[in-house]
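First comes the structure, then the notes that go with it.
Letters go in sequence order (proteins before strands), and every chain restarts at 1. Please read all numbers here as calculations on a predicted model, not as lab measurements.
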Amino acid sequence: MLRMSDKSAATPAVAARTAIAFRGGGFVPGRSAWAAAAAFAALLAAWHLASATGVLPALFMPSPGAVGIALWRLAESGALAQHVAVSLQRIALGWSLGVGAGLACGIAMGLFTLARAAGLPVAMALFPIPKIALLPLFILWLGIGEASKLATIGLGVFFPTVVGAMAAVDNVPRSLVRMGQSFGLPPWRIVFSIVLPGALPGILAGFRISAAIALILLVSAEMIGAQFGIGAFILAAGNLMQTDQLLAGVALLSVLGLAIGALLTALERTLLRWR
Amino acid sequence: MDLAVRGVRHRYGALDVLDDVSFDVASGEILAVVGPSGCGKSTLLGIVGGLLEPSSGSVTTGGAAPQGCLNPVTYVFQDFALLPWRSVAGNVALALEPHRLAPAERAERIAAVLALTGLAAFAQALPKQLSGGMRQRVGIARALVVRPAVLLLDEPLSSLDAQTRLLLTDELLAIWARERTTSVYVTHNLGEAVALADRVAVLSRRPGRIKALLDVTVPREQRGKEAARGALAALEARLWDLIRDEARLADRERADAADE
């Protein structure tokens, strides 16, 4: 019979027992709620201090307060809403066109041998061209208006979307497709019930990359030839040495980027609850 | 429905996987296929199920399918092959989707197999919320919902832990006790083979050939009982005698086959 050892019985000789010290942990990162807020506060405080003491000359690097005031004035005058609206429209439209076409091509290349054999080398050859280099050509073709900017953004997100969507389709486990075939599901039903839902996580991950590319191309295109839009505003402020306005524009871009990221996170949370 | 496998050979590139495999499975019979790992057991089942094309040979079925059979030859997969974005009921429903059924019959079939596999309370659960055993119960329910004429089980319990495996072995016995569906059961677990099957086919190491066909002489009703243990253990030992040397050689060959 087993018996639990009894402490009083086990101490005739004063045999020192060694405790096994905890030594695990596995370098697992912990959590700290205040560190992030403290880092931001420290950064702002250092910036403010440097501005107040004159280490940062106001003409080249205005204080955080001055940037805040510039933002406030822009909002009050309605100029902010106008620039943001124009930029949002461009990025939404350009991104949607490029991603729509890219998804169609990429999914086709994931599904069909011929589409892949023909399309992949072409996509790979054109993928590395920085698409902003084509803007002058698009301006010649389409004029200085909206079309050339949309074409640049659209083309810029098209190729990464093609490659990403194809990879997402590839990553759907073949065993699931074979399962569908073993139950006699027709091919179109396998595509819609198995392949596309299975590729969705990869496709949504690709949206993050293409949105970042679209934002870069938006600002670049607006700096080359536009009256309105955040990129045009930043360039104009720089030309006039209005650095407070310039930084206000940069702050807006940062907010825009964060907002797009949050939107995509919300989309993933809703569509990929099963993960 | 019965099954006849004739002269099946299979090559993957330069690799001979199966060499002239022939056997019959009678209507209502449960045949286990065992053999050393890498002997082509799963390849053989894939060929029987029409998921792989053999290099030569044929697989034919004969006789009538049971009433209400929608997918005569139906698979249960080793990795369950569940759609993670669909609920338990949704995964089972997938098997009915290529068929025109009245909504009432559809619901009735799904409810019946979920009850049979003990999943009724989990109909709306997602696969990620289920244990491995529960997931394979979904795989089994999905196979039964089409009322198969031939059931092909590809190592269905091998990704489960030992205790869950015993539970599901009993459940499979109970399912077969209700309805004798012609079945081919591929496994590397010899205990499972003698517990479940009427007959056991032993494959040699690669290229796989039928090395022996053994009858499991203990009647199915008695297999759970104490008195049958000795006979089953003796049979298992006999199977191991047939496989041991093959397995040892296969293990060494595997180390050599760096090109696989």
Heavy-atom pair with the smallest gap, counting every atom of Phe183(A) and Tyr75(B):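 Where Phe183(A) meets Tyr75(B) most closely, the heavy atoms are CZ-O, 4.2 Å.
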Considering all heavy atoms, the nearest Glu97(B)-Arg189(A) contact: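 Between these two residues, the closest heavy atoms are OE1-NH1, 3.3 Å.
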Proximity breakdown for [X] and chain A, heavy-atom pairs closer than 4.5 Å:
{"X": "Leu126(B)", "value": "side chain"}
{"X": "Leu82(B)", "value": "backbone"}
{"X": "Phe77(B)", "value": "side chain"}

Within this structure, what is the [atom1]-[atom2] distance for the pair [X] and [Y], rounded to the nearest 0.5 Å?
{"X": "Leu94(B)", "Y": "Met179(A)", "atom1": "CG", "atom2": "CE", "answer": "5.0 Å"}
{"X": "Leu176(A)", "Y": "Asp79(B)", "atom1": "CG", "atom2": "CG", "answer": "7.5 Å"}
{"X": "Arg86(B)", "Y": "Ser193(A)", "atom1": "CZ", "atom2": "OG", "answer": "5.0 Å"}

Heavy-atom pairs under 4.5 Å with chain A, option from Ala81(B), Ser87(B), Gly50(B) with the top count: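 Of the options given, most contacts go to Ala81(B).
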Residue part contacting chain B, namely of Arg178(A), when any heavy atom lies under 4.5 Å: both
Largest heavy-atom contact set with chain B, pairs under 4.5 Å, which of Pro197(A), Pro173(A), Gly184(A): Pro197(A)
Heavy-atom neighbours of Gln129(B) CD exceed 12 at 6.0 Å: yes
